Student: 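Input: one structure, supplied below.
Everything numeric here is computed off the predicted structure, so don't read it as measured data.
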Amino acid sequence: PLRRQRQMCIRDRRKHMEEQIEHLSQNDALTGFYNRDFFLNLCDELINKARMNHQALSMIKIDLDCFKNITDGYGHEVGDQAILKAAHALEVISKDLGYIGRLSCDQFMLVLDGVKGVDAFRIAKLAQEKITAQKIRLDENTTTCLTSKAGVTELRESDENSRHLFNRVQEAIVAIKRSRENAKIA
């Protein structure tokens, strides 16, 4: 009986460790959002589903402005707080509408199945407003707010995959940086 209990305990710990490894392979450690690779694979699955069901699908990419200045000037702990506040804002806005991925330190992406581009643009604007409303304490006397750029696109062609949509939202972000806009549909 003691040996059997020990084996069960080892089996339970192993199962728990395997679940943790799987979670870490799919999710960003700080935000809990999907990581880049898992997110883009998920997008391809959702694109295939949308195509088969003749449904809309949109993608939003949000880049935080001045994030590097925050981490360079106030440290990575403050940078992490800023990321978590932005992540919370995105989660509140997109709850039940789609999936969120963290692409890099200051870049997030949302895929919204069943949502047209024009509606995704409205969601992106709401997300930007919510991100900007978050106050980031830089030090004892200084707070700031985050601003962002948002690129939006939708599934258009039957042969498109996540890379096509990703490239379009990235092109929109690049175009925004040359203009006074903070969001653009591509």
Side-chain angles (χ1 to χ4, degrees), residues 1-64 67-68 70-72 74-115 120 123-124 126-127 130-131 133-138 146 148 150 153-155 160-167 169-170:
L2 190 58
R3 185 174 188 204
R4 187 177 188 91
Q5 283 180 329
R6 188 175 150 144
Q7 287 175 336
M8 287 177 57
C9 183
I10 290 170
R11 195 174 321 127
D12 289 347
R13 272 195 279 163
R14 183 177 187 172
K15 183 179 180 192
H16 179 70
M17 287 172 51
E18 288 171 354
E19 289 170 354
Q20 284 182 311
I21 290 169
E22 182 177 352
H23 178 79
L24 290 171
S25 73
Q26 298 173 357
N27 298 87
D28 173 64
L30 180 63
T31 63
F33 292 163
Y34 292 126
N35 65 32
R36 179 188 183 106
D37 291 337
F38 187 83
F39 181 80
L40 291 175
N41 287 333
L42 174 64
C43 287
D44 282 329
E45 289 177 26
L46 293 171
I47 287 168
N48 288 336
K49 179 181 156 196
R51 193 179 304 127
M52 284 176 31
N53 296 324
H54 304 286
Q55 292 180 325
L57 179 132
S58 295
M59 186 179 278
I60 302 169
K61 182 174 185 252
I62 295 184
D63 288 5
L64 301 179
F67 178 74
K68 184 174 177 358
I70 292 173
T71 56
D72 288 351
Y74 298 93
H76 289 281
E77 234 176 78
V78 175
D80 286 351
Q81 290 174 20
I83 290 296
L84 288 171
K85 291 207 178 217
H88 176 72
L90 289 172
E91 205 165 33
V92 167
I93 292 298
S94 66
K95 187 176 183 129
D96 301 326
L97 294 175
Y99 301 90
I100 309 171
R102 183 172 177 209
L103 301 183
S104 68
C105 62
D106 62 347
Q107 298 177 353
F108 299 92
M109 191 168 285
L110 292 82
V111 63
L112 308 168
D113 51 338
V115 177
I123 293 166
L126 287 172
K130 190 76 170 169
I131 289 169
Q134 305 298 307
K135 299 296 179 216
I136 313 298
R137 179 165 296 286
L138 300 174
L146 293 170
S148 62
T153 195
E154 65 185 348
L155 184 62
E160 290 182 320
N161 61 30
S162 63
R163 283 275 152 219
H164 292 104
L165 275 64
F166 179 82
N167 289 339
V169 292
Q170 185 59 36

Student: Please assess R163 against L40 for the test side-chain contact (heavy atoms from CB on, under 4.5 Å), listing each intermediate value before the final yes or no.
Tutor: CA-CA 8 Å; R163 283 275 152 219; L40 291 175; 3.3 Å; yes

Student: Are the side chain of R51 and the backbone of E160 linked by a donor-acceptor contact shorter than 3.5 Å?
Tutor: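 Checking the backbone N and O of E160 against the side chain of R51, a donor-acceptor pair under 3.5 Å is found.
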
Student: Return the orientation label for the Y34 and Y99 ring planes: parallel under 30°, perpendicular over 60°, tilted otherwise.
Tutor: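 Y34 and Y99: tilted rings.
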
Student: Which heavy atom of M59 sits nearest a heavy atom of V169, and at what distance?
Tutor: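 Closest approach of M59 to V169, heavy atoms only: O-CG1, 3.6 Å.
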
Student: Find the distance between CD1 (I70) and CD (E77) and round it off to the nearest 0.5 Å.
Tutor: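 Nearest 0.5 Å value for the CD1-CD distance: 14.0 Å.
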
Student: Donor-acceptor check, side chain of K85 to backbone of K135, threshold 3.5 angstrom: yes or no?
Tutor: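 Yes; at least one donor-acceptor contact below 3.5 Å.
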
Student: Look at E18 together with R14 and state whether they make a salt bridge at an N to O cut-off of under 4.0 Å.
Tutor: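 Judged by the 4.0 Å cut-off on N to carboxylate O distance, E18 and R14 do form a salt bridge.
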
Student: Check whether any side-chain heavy atom of L165 sits under 4.5 Å from a side-chain heavy atom of L57, and report yes or no.
Tutor: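 When only atoms from C-beta onward are counted, L57 and L165 do touch, with a gap below 4.5 Å.
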
Student: Look at the side chain of N27 and the backbone N and O of G32, then say whether any donor-acceptor pair between them is shorter than 3.5 Å.
Tutor: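 Side chain of N27 to backbone of G32: a pair is present.
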
Student: Using only atom types and a distance under 3.5 Å, with no angle test, would you say the side chain of T71 pairs donor to acceptor with the backbone of G79?
Tutor: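 Not confirmed, T71 side chain does not pair with G79 backbone.
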
Student: If we count only N and O atoms by modelled type, under 3.5 Å, do the side chains of H164 and N167 hold a donor and an acceptor together?
Tutor: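 H164 vs N167: no donor-acceptor pair found between side chains.
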
Student: What is the distance from atom CG of L30 to atom CG of D80, rounded to the nearest 0.5 Å?
Tutor: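 Output value for this atom pair is 5.0 Å.
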
Student: Counting only N and O atoms by type, is there a donor-acceptor contact under 3.5 Å from the side chain of D44 to the main-chain atoms of S162?
Tutor: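 Yes, D44 side chain to S162 backbone: donor-acceptor pair under 3.5 Å.
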
Student: Return the set of residues passing side chain to side chain contact (heavy atoms under 4.5 Å, CB included) with R6 (not counting sequence neighbours), or none when no residue passes.
Tutor: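 Once residues adjacent in sequence are excluded, the partners of R6 under the side chain to side chain contact (heavy atoms under 4.5 Å, CB included) criterion are I10.
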
Student: Would you mind reporting whether I100 and S94 have side-chain heavy atoms less than 4.5 Å apart?
Tutor: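 Yes, at least one pair of side-chain atoms sits under 4.5 Å.
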
Student: Looking at F39, does the NZ or CZ of R36 lie under 6.0 angstrom from its six-membered ring centre and within 45 degrees of the ring axis?
Tutor: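 No, a cation-pi geometry is absent between R36 and F39.
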
Student: Got R3 and Q7 here, is their nearest side-chain heavy-atom distance under 4.5 Å?
Tutor: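 R3 reaches Q7 side chain to side chain.
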
Student: May I ask you to test the L64-I83 pair for a side-chain heavy-atom distance under 4.5 Å?
Tutor: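 Yes, their side chains come closer than 4.5 Å.
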
Student: First locate atom CG of L42, then atom CG of D37, and finally report the distance between them rounded to the nearest 0.5 Å.
Tutor: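 So the CG of L42 and the CG of D37 are separated by 12.5 Å.
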
